[in-house]
Each structure stands twice: as C-alpha cells, then as structure tokens.
Amino acid sequence: MQSQPPVEFTDEIKSLFVEKKLAQARQRLLDTLDKQWDGHLNLIAFTYLYAENRSADDSKQALEWLEKGVEAGEVDAKVILGRLLVSGELGNQDFPRGMDLLKQAAQANVLMAVLTLVQIYQGGVDGFLDADVQLSQSYVQQAADLGDPNSAYHLALELERSTPPDFPRAFKYFDKAAQSGLSQAMHNVGVYYLHGKGVAKNAALALAYLTEAAKLGSPLSMLSLSLLYLDGVEVQKDRGVALSWLYIYQVLFPETELPGQLQLLLDDVSAEEENFARQAAQNFVNHQLNKSPSGTLH
C-alpha cells in the first residue's frame, strides 16, 4: 500500500507548481520516485499536462505516466486518465475504458469522478452515450453525500418537486448545502424552519439562517426579512429593520420590482426614517455583506 508524502514535500511541490517551475517539480518527483508515495505518478503526469505550449510528446508522456499511476493504484490517476480518454483531449480517445476508470474512481468515492459522471449522464455524449436521467440523479446523490454543496442543493430541489414531495429529505440536503455556505440553500433552510416544513418549526433558527443568507447576498432572504419585520411574523415587529433590509435590497438590486406590500412601505416613509434606514443599509453593504458564515447554526 502506498504511503502519503511528508507535508513539507507536498508543500514544496505545490509551490513549484504555483510558480510554474514544472521541470524542477518533475525532477524532485523523479528523485523521490523510490518512496512510492501516493499520487506521485499522477503529479509527474501533471508536469507534462500543464506544460506551456504543450507538445505532442508532452501529451504522450502525460498519458504514459497516468497509465503508470493507474497500474500503481493511484485513484486520482484513474480520474484524470478517465476524463482524458473520454474527451480525447490528448489525441487518444477510448470512451469505454475512460468510463470504466471513472466508475472505478466513483466507487472509491472520489468526488471529481462522481461529478464528471453526473455531467456525462446529464447531457450524454454524441456517438457514445445517451443521456440517462436516472443514472445522473444517482451520481448527484452520491456527490451530495460526499459533501458537494451544489449537488446537495439541486438534489433537495428535486425532492421538493417529486410526487409527493419529500420535504424531510429535501431539508436534509438543503441543510448539507447550507453548512458549506451556499446562500440559496441557507435561505431555503430558513424558510423550512419558519414554516415547519420537513422539520420542527423554529423561528429563532429561521431568522438566523435567513440573516446569514442575506449577509451572503441572497436577495430572497433580504425581501423575506423585510416582510417578516414589517408584519411581525415570528419576530417582533420593527418597521426600521424592515426598511433597512429593503434598502439593502434596493442598493444591490436596483432594477428589480418590489412586492406590492414593500412598495407601499416605501411610499409611506418619512424623511427621518429614510435617512436612518438608508444609512444602516449602506453600513451593512460596506462592512458585513459577503462575509463568510460563522459556522454551523444549529
């Protein structure tokens, strides 16, 4: 079984790649080839793949080193070689073998392989494979379970739309995506908590999620908060806070139409209220917008 390289060596190779010193990185990898560290052969292949003005010989060398990586059991080499054989990018297309390598890597729970298979089965590949919604969805679920936030979010949307809707599972996957900082998923989690849909109703958590989503730029959360504070639904009624969220929304999305209830609010604002709320909104936009979420909210 291959062992992991020392952290300092990994950092050294990363730095050389960032600095585009690929020949130097390749030599360091070749000098330590006898260590049989995991991922070594794949990295050597990368020094050829990323070569500036990559030549036909570079492409050939990359494929040869990836083949060595596959033979040595490097799962990342399976992913990269599989993608290259499916696409034929390096002039050597072998679609069946490429798919087989990707499926092997997906069975080992390598996220990049799973996401590649999602894309392949979603659209199909002319001359090789028809689109397959069922297989695509199965890989979406695997990607979601492996922690990919976008997959979790889209899976939750599908569960919402299913007949009948599966709100508890939809909430589970919205929450997975939300914990990775996806603002649209945070908004949905807040709505689920607000209405007790698929989860026990919890106004405090609803407000926390909607606020975090709004801080990350979710327009729906900004409008929702404005309406909640305006009507006093599940929160203490506060016209000033409602106005502040509304002005934040207007600063960021000036060309969009407002819900009728919020437009009426704007039409009935005193100069003093407007000045205060607009200042609060501008302070928020300047100092809090798009800050990373503080962590798990529950």
Side-chain angles (χ1 to χ4, degrees), residues 1-95 97-120 139 142-152 179-182 290-293 295:
M1 183 176 177
Q2 292 179 311
S3 60
Q4 296 299 315
V7 173
E8 58 271 19
F9 181 81
T10 300
D11 290 343
E12 178 189 352
I13 297 301
K14 283 182 180 178
S15 295
L16 290 172
F17 269 91
V18 169
E19 295 167 12
K20 297 184 179 180
K21 297 178 179 178
L22 299 182
Q24 190 174 335
R26 183 184 306 143
Q27 193 56 56
R28 287 289 289 128
L29 290 161
L30 290 170
D31 289 344
T32 52
L33 199 56
D34 61 323
K35 305 291 185 181
Q36 296 186 334
W37 287 326
D38 186 38
H40 223 71
L41 302 168
N42 191 50
L43 286 171
I44 294 174
F46 277 179
T47 67
Y48 290 103
L49 278 174
Y50 294 152
E52 189 175 0
N53 301 318
R54 187 176 65 210
S55 66
D57 185 62
D58 288 329
S59 297
K60 180 183 175 183
Q61 290 284 349
L63 289 171
E64 288 179 1
W65 282 103
L66 286 170
E67 290 285 7
K68 291 177 183 179
V70 169
E71 186 178 345
E74 291 185 7
V75 69
D76 287 343
K78 290 182 178 181
V79 180
I80 303 304
L81 182 58
R83 287 165 62 98
L84 291 171
L85 290 176
V86 164
S87 68
E89 178 186 334
L90 298 187
N92 184 9
Q93 188 170 37
D94 186 340
F95 188 84
R97 181 159 182 258
M99 288 294 287
D100 182 58
L101 289 171
L102 287 169
K103 288 177 181 179
Q104 288 179 40
Q107 287 174 356
N109 286 327
V110 180
L111 182 58
M112 184 188 295
V114 177
L115 292 173
T116 301
L117 289 168
V118 169
Q119 186 177 19
I120 289 171
Y139 283 117
Q142 184 181 358
D145 290 333
L146 288 172
D148 180 60
N150 288 309
S151 296
Q179 299 312 317
S180 296
L182 201 64
N290 292 324
K291 290 209 174 162
S292 297

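Remember, predicted model here, so these are calculated numbers, not experimental data.
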Please give me the minimum heavy-atom distance between [X] and [Y], naming the atom from each residue.
X      : Y      : value
Leu182 : Pro149 : CD2-O, 3.8 Å
Val79  : Ala105 : CG2-CB, 3.5 Å
Ala144 : Ser151 : N-CB, 3.7 Å
Ala108 : Val75  : CB-CG2, 4.0 Å
Ser180 : Gly147 : OG-O, 4.2 Å

Between atom [atom1] of [X] and atom [atom2] of [Y], what is the distance when rounded to the nearest 0.5 Å?
X      : Y      : atom1 : atom2 : answer
Asn42  : Lys78  : CG    : NZ    : 12.5 Å
Thr32  : Gln27  : OG1   : CD    : 9.5 Å
Lys103 : Tyr139 : NZ    : OH    : 5.5 Å
Asn150 : Leu115 : CG    : CG    : 9.0 Å
Leu29  : Phe46  : CG    : CZ    : 11.5 Å
Leu84  : Leu90  : CG    : CG    : 4.5 Å

Query raised in the report: Is it the case that more than 12 heavy atoms not belonging to Gln93 sit under 6.0 Å from its CD atom?
Result: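 Yes, because the 6.0 Å sphere around CD of Gln93 holds more than 12 heavy atoms from other groups.
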When the side chains of residues 10-22 are checked against the rest of the protein, which donor-acceptor pairs come out under 3.5 Å, sequence neighbours left out?
from: Thr10; atom 1: OG1; to: Pro6; atom 2: O; distance (Å): 3.3
from: Glu12; atom 1: OE1; to: Arg28; atom 2: NH2; distance (Å): 3.1
from: Glu12; atom 1: OE2; to: Arg28; atom 2: NE; distance (Å): 2.7
from: Ser15; atom 1: OG; to: Asp11; atom 2: O; distance (Å): 3.0
from: Glu19; atom 1: OE1; to: Lys21; atom 2: NZ; distance (Å): 3.2

Query raised in the report: Does the side chain of Leu85 reach to within under 4.5 Å of the side chain of Met99, using non-hydrogen atoms?
Result: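 The answer is no, as the side chains (C-beta and beyond) never meet within the 4.5 Å cut-off.
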Requested in this report: Report yes if the side chains of Leu49 and Ile80 come closer than 4.5 Å at any heavy-atom pair, otherwise no.
Outcome: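 A side-chain contact under 4.5 Å exists here.
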Main-chain N/O of [Y] paired with [X] side-chain donor or acceptor, under 3.5 Å:
X      : Y      : value
Glu74  : Leu41  : yes
Gln142 : Val114 : no
Gln61  : Tyr48  : no

Report task. Quick one: list whatever passes ring pair (Phe, Tyr, Trp, His ring centres under 6.0 Å) with Phe95, sequence neighbours left out. Result ->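 Partners of Phe95 by the ring pair (Phe, Tyr, Trp, His ring centres under 6.0 Å) criterion, ordered by chain and then number, come out as Phe128.
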Query raised in the report: So Ile44 and Leu33, side chain to side chain contact (heavy atoms under 4.5 Å, CB included) or not? Walk me through it.
Result: CA-CA 10 Å; Ile44 294 174; Leu33 199 56; 3.9 Å; yes
